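Below you'll find the structure, written out as structure tokens, and then a few comments.
Side chains are part of it too, since the values below use all heavy atoms of this structure and drop only hydrogens, waters and symmetry mates. Since the model is a prediction, treat every value here as computed from it, not as a measurement. A note on names: the letters A, B, ... follow the listed sequences, proteins ahead of strands, and every chain is numbered from 1.
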Amino acid sequence: MQKPGIPNGTRDFSPEKMIKRNFIFENIRKTFQKYGFLPLETPAMENLSVLTGKYGEEGDKLIFKILNSGDFLAKTTSDDFQKGSRLLTGKISEKALRYDLTVPFARYVVMNRNDLTFPFKRYQIQPVWRADRPQKGRYREFYQCDADIVGTDSLICEAELVLLINEVFEKLGLKDITIKINNRKILAGIAEVIGKKGSETELCVAIDKLDKIGQEGVKNELLEKGFNNDSWEKLLSIFYSKQSTESNEPNNLYRLSHLLLNFPNKLVNEGIKEIDQVFEYISLLTGNSKFKIQNLEFDPTLARGLSYYTGAIFEVKANNVSIGSISGGGRYDNLTGVFGLPDVSGVGISFGVDRIYDVLEELNLFPDKATSTTQALVCYFDVESEKYALPVLYKLRQEGINSEVFPEAAKMKKQLGYADSKKIPYVIIIGSEEVKSGELTLKNMLSGDQERLSLEKIIQKLKQ
RNA sequence: GUGGCCAUAGUUCAGCUGGUUAGAACAUCAGAUUGUGGUUCUGAGGGUCGUGGGUUCGAGUCCCAUUGGCCACCCCA
């Protein structure tokens, strides 16, 4: 006998969890559609060549490869084995599980470029896989919910995405969040200003850890990466001057632009202008001031790892919760370039469902409705009442009421216990007395109250 | 890929410097209650102590190996 188990970093989702997860999925899906995004699905597996080289050297290692079917050693020689596993994988694996939703989307856009109407807005909710070592809040199989707009560089898209993010979390009841926005051009410009042109990737990776390892840690990492003290001092004067920590009005965008007057730079100016424009669009899209802009914060230290972002960058953090980023995204100028279609600009965001789940759980924000789907359970005592009960069930369902029957004339204790463990709010009890009078017993499982009512009245009540 | 911690009932865990028949809570099932759950009381079932080897008169406990899990780093959602 073998012990049952699932691979490390994967999970079963119990019915209780699925009901809650669907609550999240449905709200995200609804909001995506409200903003004009169309659904898209791509296969779980892609050709390996589509995925490799898109996520950097580290990323390639984290792609789950699929062993060729049949005799997967057929195309290999003993020489290949000598050369090591890295070269060998290409010979024994031609397919791999998708690593994210963005690259398959780019592949789709290129393959269907002649059939798509641009700007093309799609959303995609599917699992992705990473051969990472799992840890808290990190899994080897997890869902992403992506929405992207490709084929335009209008900053209205950025503004709309910010509003979309805000609306999703509002619907989920998660009020205490911060939407951070930055622009890759600002970071690139800052790299130029401090004399490290082209090193913005290293700069970003280090700055991104500011929360985690602090100022000293970032300094050490940058010095290790070949930044000198002069660069660091300049960086400090940009990010940590007294002015920049004291001011918080409005969105400290203006103080940054003010500070950078000392270090004039074309890219920085562009970035600042873009963010400024995004703020203006948001204002217009919210009737000029209704949008609670406190949620939105310009953060010049926001970096995000992904190397393909070129313009705006977003990240959403839940405040006062141990879990970090729950959503993120940005603009990329040339995502489809590697597939032979240059100059297609796009901007997108991604929601991390698993982390949102953990946050909602931690803050106890799932509504009661998100714990059960059945509204009423029909119970009966014997064969006679069974004949009466089943047509009742039929009518309930005709009226659109989610209902089920306990399919045996078991002891009432057992039937009610069933309703209780499934958190079904109402039970309709049918026995000889009910059959005789035509008035059924409706029991509220939460309060324990029960009353005799006609089926019509019960239906009325359940429909409320 | 690197480092640390852990593995005992369905679950969470106790189990002393090695010493009789490995315990508890919760969960499950049955009964108290033959038309009423969630509370209470009573009882029952459930374990080759992750796996393999070693030390010992004797191993859940010590040693080695192996597998699995958790956590941190790298990176990321």
Closest nucleotide among [options] to the [X] side chain:
X       : options                   : result
Q144(A) : rA77(B), rG35(B), rA32(B) : rA77(B)
K136(A) : rC71(B), rA77(B), rA32(B) : rC71(B)
I429(A) : rA77(B), rU36(B), rG37(B) : rU36(B)

Decide yes or no, distance alone: a donor-acceptor N/O pair under 3.5 angstrom between the base of [N] and the side-chain of [X].
X       : N       : value
K443(A) : rU36(B) : yes
Q450(A) : rU36(B) : yes
E434(A) : rG35(B) : yes
R138(A) : rC75(B) : yes
D420(A) : rG37(B) : yes

query = If you pin I326(A) and R133(A) to their nearest nucleotides in RNA chain B, which one's is more 5'?
reply = R133(A)

ask   = With nearest nucleotides of RNA chain B determined for L62(A) and P7(A) from heavy-atom distances, which residue corresponds to the more 5′ nucleotide?
value = P7(A)

query = Over how many whole Å does the gap from L442(A) atom CG to rG37(B) atom P extend?
reply = 17 Å

Nucleotide rC75(B), atom C1' - distance to CZ of R130(A) in whole Å = 10 Å

Checking all strands, does [X] fall into the base, sugar-phosphate, or nothing category for heavy-atom contacts under 4.0 angstrom?
X       : answer
Y418(A) : nothing
G328(A) : nothing
S432(A) : base
Q415(A) : nothing
K411(A) : sugar-phosphate
G448(A) : base
S350(A) : nothing

ask   = Which dot-bracket string describes RNA chain B (Watson-Crick N1-N3 plus N6-O4 or O6-N4, or G-U N1-O2 and O6-N3, all under 3.5 Å; [ ] crossing; | other strand)?
value = (((((((..((((.....[...)))).(((((.......))))).....(((((..]....))))))))))))....

Ion pair [X]/[Y], N-O distance below 4.0 Å:
X       : Y       : value
D132(A) : R138(A) : yes
K30(A)  : E167(A) : no
R29(A)  : E26(A)  : no
K422(A) : E404(A) : yes
E170(A) : K175(A) : no

Whole-Å [atom1] distance, [N] and [M]:
N       : M       : atom1 : result
rC70(B) : rG50(B) : C1'   : 15 Å
rU34(B) : rC26(B) : C1'   : 30 Å
rU66(B) : rG10(B) : C1'   : 26 Å
rG60(B) : rU48(B) : P     : 13 Å
rA7(B)  : rU61(B) : C1'   : 14 Å
rG46(B) : rU8(B)  : C1'   : 14 Å
rC71(B) : rA65(B) : C1'   : 24 Å
rA14(B) : rG47(B) : C1'   : 15 Å

query = Given the side-chain rings of Y123(A) and F37(A), with only the six-membered ring counted for Trp, is the space between their centroids under 6.0 Å?
reply = no

query = OP1, OP2 of rU67(B) versus side-chain N and O of N8(A): anything below 4.0 Å?
reply = no

task = Would you tell me if any nitrogen or oxygen in the side chain of Q135(A) comes within less than 4.0 Å of OP1 or OP2 on rA72(B)?
result = yes

request  = Would you mind reporting whether E433(A) and R452(A) have side-chain heavy atoms less than 4.5 Å apart?
outcome  = yes

ask   = Are D146(A) and S350(A) close enough that a side-chain donor and a side-chain acceptor fall under 3.5 Å?
value = yes

task = Indicate whether the side chain of T178(A) and that of N319(A) have a donor and an acceptor atom separated by less than 3.5 Å.
result = yes

